[in-house]
Number of protein chains: 2
Amino acid sequence: MRDVTSDMIWAPLFQRLKTTTGADDRDLQALAALPFTLRHYRENQTVLRDGEEPSECCLIADGFCVRSKTIADGRGQILSIHIPGDLPNLQNLHFPTVDHDLIALSDCTLAFIAHKALNDLIGRRPGVGDMFWRDTLVDAAVSREWIVNVGQRSTYNRLAHLIVELRERLRLIGRVIDNTFAIPLTQEQFGEAMGVTSVHTNRILRELRIDGVLELQRGTVRILNEHKLQELAQFDGRYLHLSPSP
Amino acid sequence: MRDVTSDMIWAPLFQRLKTTTGADDRDLQALAALPFTLRHYRENQTVLRDGEEPSECCLIADGFCVRSKTIADGRGQILSIHIPGDLPNLQNLHFPTVDHDLIALSDCTLAFIAHKALNDLIGRRPGVGDMFWRDTLVDAAVSREWIVNVGQRSTYNRLAHLIVELRERLRLIGRVIDNTFAIPLTQEQFGEAMGVTSVHTNRILRELRIDGVLELQRGTVRILNEHKLQELAQFDGRYLHLSPSP
DNA sequence: AGGCGAACACAACAAATGTTAAGATATGCG
DNA sequence: CGCATATCTTAACATTTGTTGTGTTCGCCT
């Protein structure tokens, strides 16, 4: 396994925090000095299981994860998609249990940081606590937007919205090049994120392709018509709070 | 307007916090000593508007409110239903803007408490901050459960789940008597909460009535067959964290 | 009491989405 | 390289949900 520097671990998070919360450099340096444990996960491996009570928070250093819930009849719903720089179980800093699964979509590298270390740091540097606090609030705002997406938008528009949201978040960490970027979900998983079947996802993807809006092949999205995409997605990025508030 | 004592304002919140977070009585007493402004809203009146930056948090003392978002084509989605004792914009303590509307479903009495007063109190009594922190985390967990509800459950099961969730929350504040309780939504609004039309909501309600599961008349729910309801809702209340964690 | 508007009820038909099944294409592995 | 498996693609048909329209009921106001 190739060598990983602390820099590579923290870079996406710092890039995001600087853009969204106007982070203080000394807070970030203090964060980067924290001890962490790297763990690698393979595609489809479970990182956190519903009901667990983790003693660490994890930072996605590389790869994609999803939160997901499975109901009694076996149907699953993806609740959110997480990319490098995300802290998908920050809530466990103040709340014991996770109430969903966290699953690696692709091969992933995660850095685990002990709650104790984080809490100590927050005690010394309240700015770090504030950043994290805001981060969980953005997370909640994203969940609310997903309710709207699944509840009200047509599947055609819904997929457009999902893709634009991911693109904006990927752009923040420099993962969008020439209107092309990775969202390593299968069509079945796109369906689980939208609350429809894989067959229907396939139908909608074909329409988007035929209409010249976008193409998706094996987890790589290519935008063909930016204007049309915007029109379909009706994306209002305020909920992501992409710029620091006054 | 009849006289309202401070006790009546705080009682539902305290009842809930005692059950869910094992609140310290001195923390609650300190809360009850905070100055607040009472405001009354009529049915369908907007309490907070998308994009606003409130300087106060509100506590629902009496009545029901919903969070709701409207998309470009005019369709609306209800994001959550709030009952007496809820603090629906606690997030604004640490985050400036609201990204949805807050609307009174019925005639409502809300107590507004200045951020400054709350922050001062949290500084003096960290336990209060912890309680609030947990409260927003439960709020986020409810949002995630709604994604599952709208995305994966059949409308029939979805309505059962929605009603059981509300019942459990209403039970906490003593508003369930003899399997009967108020959820003052119109059928159209139940539809907006579930992501379906009012016509379809009506169909599903008829089925539930014919099947002897429950009855809904003008915002009053009566459970007819508890066992069947449970079976349909597949309700796992862990996400509400109804009992204090260890 | 009468009238008005909102909410409810229900039916007929249209559109969206699920189900099942089959073949095609890609990917990993021996 | 060739097999084995997962993913993608598509079609036909079933089911769910939306749309439109028309009465009916209820609560409120005068």
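Letters A, B, ... mirror the listed sequences (proteins, then strands); counts begin at 1.
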Side-chain contact, heavy-atom cut-off 4.5 Å: [X] with [Y]?
{"X": "B:T155", "Y": "B:M194", "result": "yes"}
{"X": "B:Q189", "Y": "B:I78", "result": "yes"}
{"X": "B:I177", "Y": "B:F181", "result": "no"}

**Study point:** Check: B:T180 side chain, B:D178 main-chain N or O, donor-acceptor pair, under 3.5 Å
**Key:** yes

**Study point:** Donor-acceptor contact present, side-chain B:Q45 to main-chain B:R42, <3.5 Å
**Key:** yes

Exercise for review: In sequence, state the C-alpha distance, the side-chain angles, and the governing distance for B:S80 and B:H82, and then conclude on side chain to side chain donor-acceptor pair (under 3.5 Å).
Suggested key: CA-CA 6 Å; B:S80 52; B:H82 294 283; 2.8 Å; yes

Review point. Within 45° of the ring axis of A:Y239 and under 6.0 Å from its six-membered ring centre, is that where the NZ or CZ of A:R144 lies?
Key: no

Rounded off to whole Å, could you give me the [atom1]-to-[atom2] distance for the [X] and [N] pair?
{"X": "B:L208", "N": "C:dA9", "atom1": "CG", "atom2": "P", "result": "12 Å"}
{"X": "A:L216", "N": "D:dT9", "atom1": "CG", "atom2": "C1'", "result": "14 Å"}
{"X": "B:L159", "N": "D:dT17", "atom1": "CG", "atom2": "C1'", "result": "15 Å"}
{"X": "A:Q187", "N": "C:dT25", "atom1": "CD", "atom2": "C1'", "result": "12 Å"}
{"X": "B:I210", "N": "C:dC10", "atom1": "CD1", "atom2": "C1'", "result": "11 Å"}
{"X": "B:Q189", "N": "C:dA7", "atom1": "CD", "atom2": "P", "result": "7 Å"}
{"X": "B:N202", "N": "D:dT20", "atom1": "CG", "atom2": "P", "result": "17 Å"}
{"X": "B:R218", "N": "D:dG27", "atom1": "CZ", "atom2": "P", "result": "4 Å"}

Check your understanding: Quick one: which of C:dA7, D:dT9, C:dA9 gets closest to the side chain of A:R209?
Key -> D:dT9

Revision key, fill the gap. Tested for side chain to side chain contact (heavy atoms under 4.5 Å, CB included) against A:I83, the lone hit among A:I183, A:D62, A:L170 is A:L170

Exercise for review: Quantify the bending of the helix from C:dA1-D:dT30 to C:dG30-D:dC1 as the angle between its end axes, each fitted on five pairs, to 10°.
Suggested key: 40°

Exercise for review: For the pair A:H161 and A:F235, name the ring-plane relationship: parallel under 30°, tilted 30 to 60°, perpendicular over 60°.
Suggested key: tilted

**Study point:** Annotated protein contacts, base or backbone, on nucleotides 13-20 of chain C with a non-hydrogen cut-off under 4.0 Å, one of B, S, - each
**Key:** ----BBBB

